[in-house]
> 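I am attaching a structure below and will ask some questions about it afterwards.
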Amino acid sequence: MRAALIQLDGSLEAPLAERVERAAGLVRAQRGADLVVLPELWAHGAWATDSWAESAAPLEGPVLDALRHAARETGCVLHGGSLLERLADGRVFNTAVVLGPDGELLATYRKIHRFGFDAGEAAVLAAGEDVATVDALGSRLGLATCYDLRFPELFRVLVDRGAQAFVVAASWPAKRREHWSLLARARAVEDQAWVFACGQAGTQAGVELAGGSLVVDPWGRVVAEAGTGEQVLEVEVDLGEVEGVRAGFPVLRDRRLSSATD
Ligand SMILES: O=C(O)CCC(=O)C(=O)O
């Protein structure tokens, strides 16, 4: 299975429509990839909190349409990163979307852990309540977004739901870059699962972004890692390796405590 993580530059200088077309073009350029991943809030700006009130929109709209077309043209499973989803009742979520090769929406995931303590996301967005998995590419993918990476219990719940790989869309800041790669590897090792973690590059709303998108195998080895600039990280992997690792070193079987929620 071939994966392509599109580590976009997070600059918001170009108008939204232009940025959407550019991202969709990069997805279309990944013909031959089975899984393509975009970062967190790449269209709206994960750090552009001040403009969220005006840029949040219902999920069904031009950005999702562009992603649908791009998935269809590429013939891939597309994790379209996350979008600012406004509901009819006014609540806004940071919602990840996964599309199938025929453009249908396979899954959505509303970010459960909002970043910012008492400000930013935590003050403006509603918190998701449901974990999300999607069956694709002969595997079960568990979804998580950026700050979620700090909460191992979410990943354990995903494992309990059968996840063999995690897809994490992010816009991680450069000043905590070490945490990003360490946490991605930790989640892979403790859950014996693949981790596909796609971040953004450059600077956004005055925040330097980490880049460093990475793919970690179920043994915790980094099999591909991006630099700090815009880049498409391409890698060939065997998702089925999870079963061998779990059977050969069966730590998950030795668990004594169950996860906090079912
Ligand atoms: O946890 C962190 O250090 C960064 C999290 C973050 O940037 C986010 O969730 O948007």
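Ligands are counted one by one from 1 in listed order, and the atoms in each one are counted from 1 as well. Counting from 1, the numbers follow the sequence of the chain as shown. Given the structure is predicted, the values throughout are model-derived calculations rather than measurements.
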> So, for S11 and R19, which heavy atoms are closest and what is the spacing to 0.1 Å?
O-CD, 3.6 Å

> Determine, using heavy atoms of R114 and all atoms of ligand 1, whether some pair is separated by less than 4.0 Å.
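Heavy atoms of R114 never come under 4.0 Å of ligand 1.
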
> For atom 1 (O) of ligand 1, find the nearest protein heavy atom and state the residue, atom name and distance (0.1 Å precision).
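For atom 1 (O) of ligand 1, the nearest protein heavy atom comes out as R150 NE, 2.6 Å.
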
> With a 4.0 Å cut-off on heavy atoms, is K111 in contact with ligand 1?
yes

> How far is atom 6 (C) of ligand 1 from its nearest protein heavy atom, and which residue and atom name does that atom have?
C146 SG, 3.2 Å

> Spell out, yes or no, whether L183 and Y147 are grouped together once hydrophobic residues are joined by side-chain heavy atoms under 4.5 Å, including indirect joins.
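Not linked; separate clusters.
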
> Applying a 4.0 Å heavy-atom criterion (strictly less than), which segment of F115 is in contact with ligand 1: side chain, backbone, both, or neither?
side chain

> Quick one: does ligand 1 sit under 4.0 Å from the side chain of H179, the backbone, both or neither, non-hydrogen atoms only?
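Looking at H179 and ligand 1, no heavy atom falls under 4.0 Å.
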
> At a 4.0 Å cut-off, with the gap strictly under it, does some heavy atom of A46 reach an atom of ligand 1?
no

> Could you check, using the six-membered ring where one of them is a Trp, whether F196 and F166 have ring centers closer than 6.0 angstrom?
no

> Going by the angle between their ring planes, with limits at 30° and 60°, are H113 and F151 parallel, tilted or perpendicular?
parallel

> For ligand 1, which is the ligand I care about here, please tell me if E121 has any N or O atom under 3.5 Å from one of the ligand's N or O atoms.
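No, E121 has no N/O under 3.5 Å of an N/O on ligand 1.
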
> Provide, to 0.1 Å, the distance between atom 7 (O) of ligand 1 and the closest protein heavy atom, together with that atom's residue and name.
W47 CZ2, 3.3 Å

> How far is atom 3 (O) of ligand 1 from its nearest protein heavy atom, and which residue and atom is that?
R176 NE, 2.5 Å

> Ignoring hydrogens and geometry, is there a side-chain-to-backbone donor-acceptor pair from D148 to T145 under 3.5 Å?
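Such a contact is found between D148 side chain and T145 backbone.
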
> Please assess H179 against R150 for the test side chain to side chain donor-acceptor pair (under 3.5 Å), listing each intermediate value before the final yes or no.
CA-CA 9 Å; H179 297 190; R150 294 187 183 273; 3.1 Å; yes

> Drop me the distance from L105's CG to L59's CG, to the nearest 0.5 angstrom.
6.5 Å

